[in-house]
Engineer: 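What follows is a single structure, and I will ask about it in a moment.
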Amino acid sequence: VNVWTHVCCLWDSGLGSVIMVNGEVAAREDGVKAGASITAGGSLVLGQEQDSVGGRFDASQSYQGDIYNINVWTYALPIGDVALLYNAGRCGHSGAEDAARVPYSAVYYAQGPVGAAQFVDGSCPV
């Protein structure tokens, strides 16, 4: 509780999925959705269980806490790059985030929160 935790989920249609917590592999499963692809036009939902695709959200099933610095890439980051992101710290910069397809700034400034969610000021001291 009240501790910054770095979580990264990786998926590659040829390799499977990996969940990393604080720069370490926490879970791995080979062959997840092998050969599949993600098509354009979808929605990425974080912190909320949905009862149907893109809808029927229940506030009692939502994540309670802060989410900071979301990035999305068009490829699965190498495990070493994820470790670099974690080791750079919350306010650090590893360089891997420069290649993000959807950087945190696009999520923060363009999307805006939905429902009772809110963005918090996660800025770092200069």
Side-chain angles (χ1 to χ4, degrees):
V1 176
N2 295 324
V3 175
W4 178 75
T5 303
H6 184 266
V7 178
C8 184
C9 301
L10 310 168
W11 173 74
D12 181 284
S13 66
L15 301 175
S17 63
V18 175
I19 297 174
M20 296 185 66
V21 178
N22 293 339
E24 301 288 331
V25 174
R28 176 191 305 261
E29 187 169 343
D30 296 332
V32 175
K33 293 289 197 177
S37 62
I38 298 173
T39 57
S43 297
L44 175 63
V45 177
L46 300 171
Q48 176 66 64
E49 192 273 334
Q50 53 185 337
D51 295 321
S52 64
V53 177
R56 296 195 51 208
F57 299 114
D58 181 342
S60 69
Q61 298 172 333
S62 65
Y63 170 77
Q64 302 296 312
D66 298 332
I67 298 177
Y68 176 74
N69 209 358
I70 298 166
N71 294 287
V72 178
W73 285 263
T74 57
Y75 58 93
L77 287 177
I79 288 173
D81 284 1
V82 176
L84 287 173
L85 284 168
Y86 168 70
N87 289 326
R90 187 179 71 83
C91 294
H93 185 83
S94 75
E97 57 272 39
D98 295 339
R101 174 72 170 129
V102 180
Y104 175 67
S105 59
V107 174
Y108 185 87
Y109 296 112
Q111 172 62 39
V114 177
Q118 62 181 342
F119 283 135
V120 297
D121 180 8
S123 59
C124 296
V126 179

Engineer: Using side-chain heavy atoms (C-beta onward) and a distance below 4.5 Å, is L10 in contact with L15?
Structural biologist: no
Engineer: If I take atom CG from residue L84 and atom CD1 from residue I79, how far apart are they, to the nearest 0.5 angstrom?
Structural biologist: 12.5 Å
Engineer: Rounded at 0.5 Å granularity, tell me how far CD in E24 sits from NE2 in H6.
Structural biologist: 12.0 Å
Engineer: Could you measure the distance from the CG atom of D12 to the CG atom of L77? Nearest 0.5 Å is fine.
Structural biologist: 11.0 Å
Engineer: Hey, does the side chain of W4 reach the backbone of G89 with a donor-acceptor pair shorter than 3.5 angstrom?
Structural biologist: no
Engineer: Which atom names give the shortest non-hydrogen contact between W11 and A76, and what distance separates them?
Structural biologist: O-CB, 3.6 Å
Engineer: Could you check if a side-chain atom of L85 sits within less than 4.5 angstrom of a side-chain atom of N71, using non-hydrogen atoms only?
Structural biologist: no
Engineer: Would you say Y86 and V82 are hydrophobically clustered, going by side-chain heavy atoms of ILVMFWY under 4.5 Å?
Structural biologist: no
Engineer: To the nearest 0.5 angstrom, please state how far the CG atom of D58 sits from the CD atom of Q48.
Structural biologist: 7.0 Å
Engineer: Taking all non-hydrogen atoms of both residues, which atom of G23 and which atom of A83 are closest, and how far apart?
Structural biologist: O-CB, 3.9 Å
Engineer: To the nearest 0.5 Å, what is the distance between OH on Y75 and CG on D81?
Structural biologist: 7.0 Å
